[in-house]
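One structure is given here, and the rest of the page talks about it.
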Amino acid sequence: MNLELIPLLIIVLLMISAGGVDVETTELVIEGDHEITEHRGALIVGDATVTIPDDETISGPVYVIGGEFQIHGEVEGDVTQLSGSLVVENGGTIDGELQHIGGSEEFADDAAIGERSTVEFAPAEPGPIAAYTPVVLTTLFLSLVGAWLSRKRPALLENVGTTARDHPVISLTVGALLSVTFLAVFVFMAFTLVLLPVSIFGLLIGLVTIAYGIIGMGYLAGKRLDTPRVGLATGLGVVGIMMLLQVVGAVPILGDLIAGGLLLIGLGAVVVTYFGLQEFEPVSLPE
Amino acid sequence: MKLFDFVRERQWVPITGYLIYVSALTAGYYYNLTFVQLGLTDLGTREIGMAPEDVSIVMGVLALLTLVAAVGSGLVMDRRGWSTDLYVKFRLLFLIILVQLLLTIAAPFVSTVEQFVLWVVICSATLGLGIPVTFSFMLDFIPVRDRGYVAAVVAGLSFFVAALYPIEWRIHEFSLVMSAMMVPAVLILAVLSVKRFAFVDSLAGQHERSTFRVGRFCRPIPIRTLSFAFWGPVLLMFGVFFIDSLGFLRIIEEPLYIYTSWQSPDLSVRLFIAVLHVVGALAAGVLYTNFDRNWVFFWVFGLFAFTHLLYVFDIQFGGGETPALILPMFYVLAVSFYTTLNFALWPDLSTTETIGTHTALGVGIAGWLATFMSTALALYSEGIGLPLGSHMTYVNALSLLFIVALPILLYVHRMFELARGEVSS
């Protein structure tokens, strides 16, 4: 499953829960090509190609968060498109409202759409300033938190940083296992709708932990600056780590792997040191 | 890793020990994963035409006989000092592989129920003997420091190859390939059984070093066979694997799930599963080596529980679509973790005096008995036409029973300790 779908999936599940649709009839199509001839309840189109054939009708609502949704037949309810591609062919019909929030759409001349609305959150092609503003703001925020923490509780960051440096394989293993397992658990929780708040809270804790790992590694990088001003050094170290992640992430595949690996090492180091509260020592085995 | 020290210091003899261990255990486990587990069902149902429930009874017999043979031979090995005599173990292994070679060659020609039962009885005797012989090699070849990693390599490699070959199960073809692979091993072991070599003499003396002879969990006090410290892990490993594989074995036989399992006709799915087995095993190796064993237990139980939940949820709400690869992904991770733990744990709960018995009991009960009893029961439930939903209800009931029994047993054990004054508070 494409990880970028997860935030959209959570938004959709929130929308479904607010709309009062029965979760037991909600279906998520994650991958592959599918022809759907009958469906009751909400349908979420993920990284898949979903087709409603000619002369077939499904009830909806339908949420498109990725992949492609082709309508040759009829959707009786609403269609909400957050991402991916929506194609309504000749004779294809959406009886309810089509709400377009993101993604591409294509309508044949004879396509019939009951009602249409568009929600624009951002220009399609943001300029360089708009594109980098979130990264710059995140970096600034993490630097400030890092500077404050390194002055108030340097031992916490010391433990996280040294563990990431001295035990990268262990940190990476723990980070990778935790992220894979808990990501799946939180997405799974989101589907119960009852646990949706727990799921969102859990994902936020995960993001905070990753950010803490970046600060820990920034502290370690800052120590190399050899300055007595530990707060400044940590702040600059965090900036360095964030820049490294951006630069490395620009390289396709390998860069993503390295950047992801660094983040997971940080995450693992934070977890095995109990957020820096204790030094990590592997169990003692006879040499 | 200690292995890197050996390489740096060019100590080729201990390095050879690693190679022998990995080759022997990987080949042995691959043989069991494929020829015994797949082959037995195929031989019984397709080649001879037995009903699945009859084959399940034979599999149950195989499991019990294997356990009896393993425990018997483990006890004898420890009492006679064979567990620490590498030459004796090579001779026993030679005997085992020779008989298994003959069984492999004979398998395609088995055509009656009587022949099949005889084949199973002989097979279980050799498998039973093979458990303490091969698992106690850890004591001779692998220092305590590296056992988690080496166990991971064995588990990962075996599953990797088994997931990719054979793609289509044909007993005649596979019997031929396996026989051809076993012949060199038989010849090498034949030579090692009758002739002494300087490097084998050195290997045979490694178990006298403190870094080899006392398992990780036997320091400073060795774990006795009749103790909670030994039977606790046996019960845990048996319970978890028996219950979970009982459910999964039925699930993956469903046509819907075959496309995302070991039996998938899609090579990319099998490659995904194969690579994930290696990744999962290595992760388990890292955790086993660097954390307290409870951490690895925790991961094994957590992964199995979550995977079980995913599959049960998919059965109820999946809508009949081919499930996403995330389902087999978690199952593969859980199995790799469990297998790695099984390879490393029992030798680490042993010393030179107990390794035969402990590996026989541990692997025999938590590995063989759990696997084959669950396979037999799953096959039986399929054979009598029990619907998947009802089968899963029984599995869930067993899980609940296990979850309730576990803390109660721990609590009662603690009570006994307090009553005997073995702990201060």
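Order of the sequence lines fixes the chain letters, A, B, ..., with proteins taken first and strands second; residue numbering starts at 1 for each chain.
With a threshold of 4.5 angstrom between heavy atoms, Leu303(B) approaches chain A through side-chain atoms but not through N, CA, C or O. Only the side chain of Phe337(B) comes within contact range of chain A, with at least one heavy atom under 4.5 Å from a heavy atom of that chain. With a threshold of 4.5 angstrom between heavy atoms, Val272(A) approaches chain B through side-chain atoms but not through N, CA, C or O. Ser210(B) does not touch chain A: none of its heavy atoms, backbone or side chain, sits under 4.5 Å away. Both the backbone and the side chain of Arg145(B) come within contact range of chain A, with heavy atoms under 4.5 Å apart.
The environment of Leu207(A) atom CG is dense: over 12 non-hydrogen atoms of other residues, nucleotides or ligands sit within 6.0 angstrom. Around atom CD of Glu279(A), no more than 12 heavy atoms belonging to other residues, nucleotides or ligands sit under 6.0 Å away. Asp55(A) CG: 12 or fewer foreign heavy atoms inside a 6.0 Å radius.
Interatomic distance, Leu287(B) CG to Leu177(A) CG, rounded to the nearest 0.5 Å: 6.0 Å. Expressed to the nearest 0.5 Å, how far CD1 of Ile170(A) lies from CZ of Phe291(B) amounts to 6.0 Å.
Shortest non-hydrogen contact noted between Asp292(B) and Val283(A) is N-CG1, 3.5 Å. Closest of all the heavy-atom pairs between Thr289(B) and Leu285(A) is O-CD1, 3.6 Å.
Residues Phe182(A) and Phe306(B) place their aromatic rings such that the two centres sit no closer than 6.0 Å.
For the pair Val180(A)/Met329(B), a side-chain contact is recorded, criterion being any heavy-atom separation below 4.5 Å from C-beta on.
Between chain A and the options Asp5(B), Leu282(B), Leu309(B), heavy-atom pairs under 4.5 Å are most frequent for Leu309(B).
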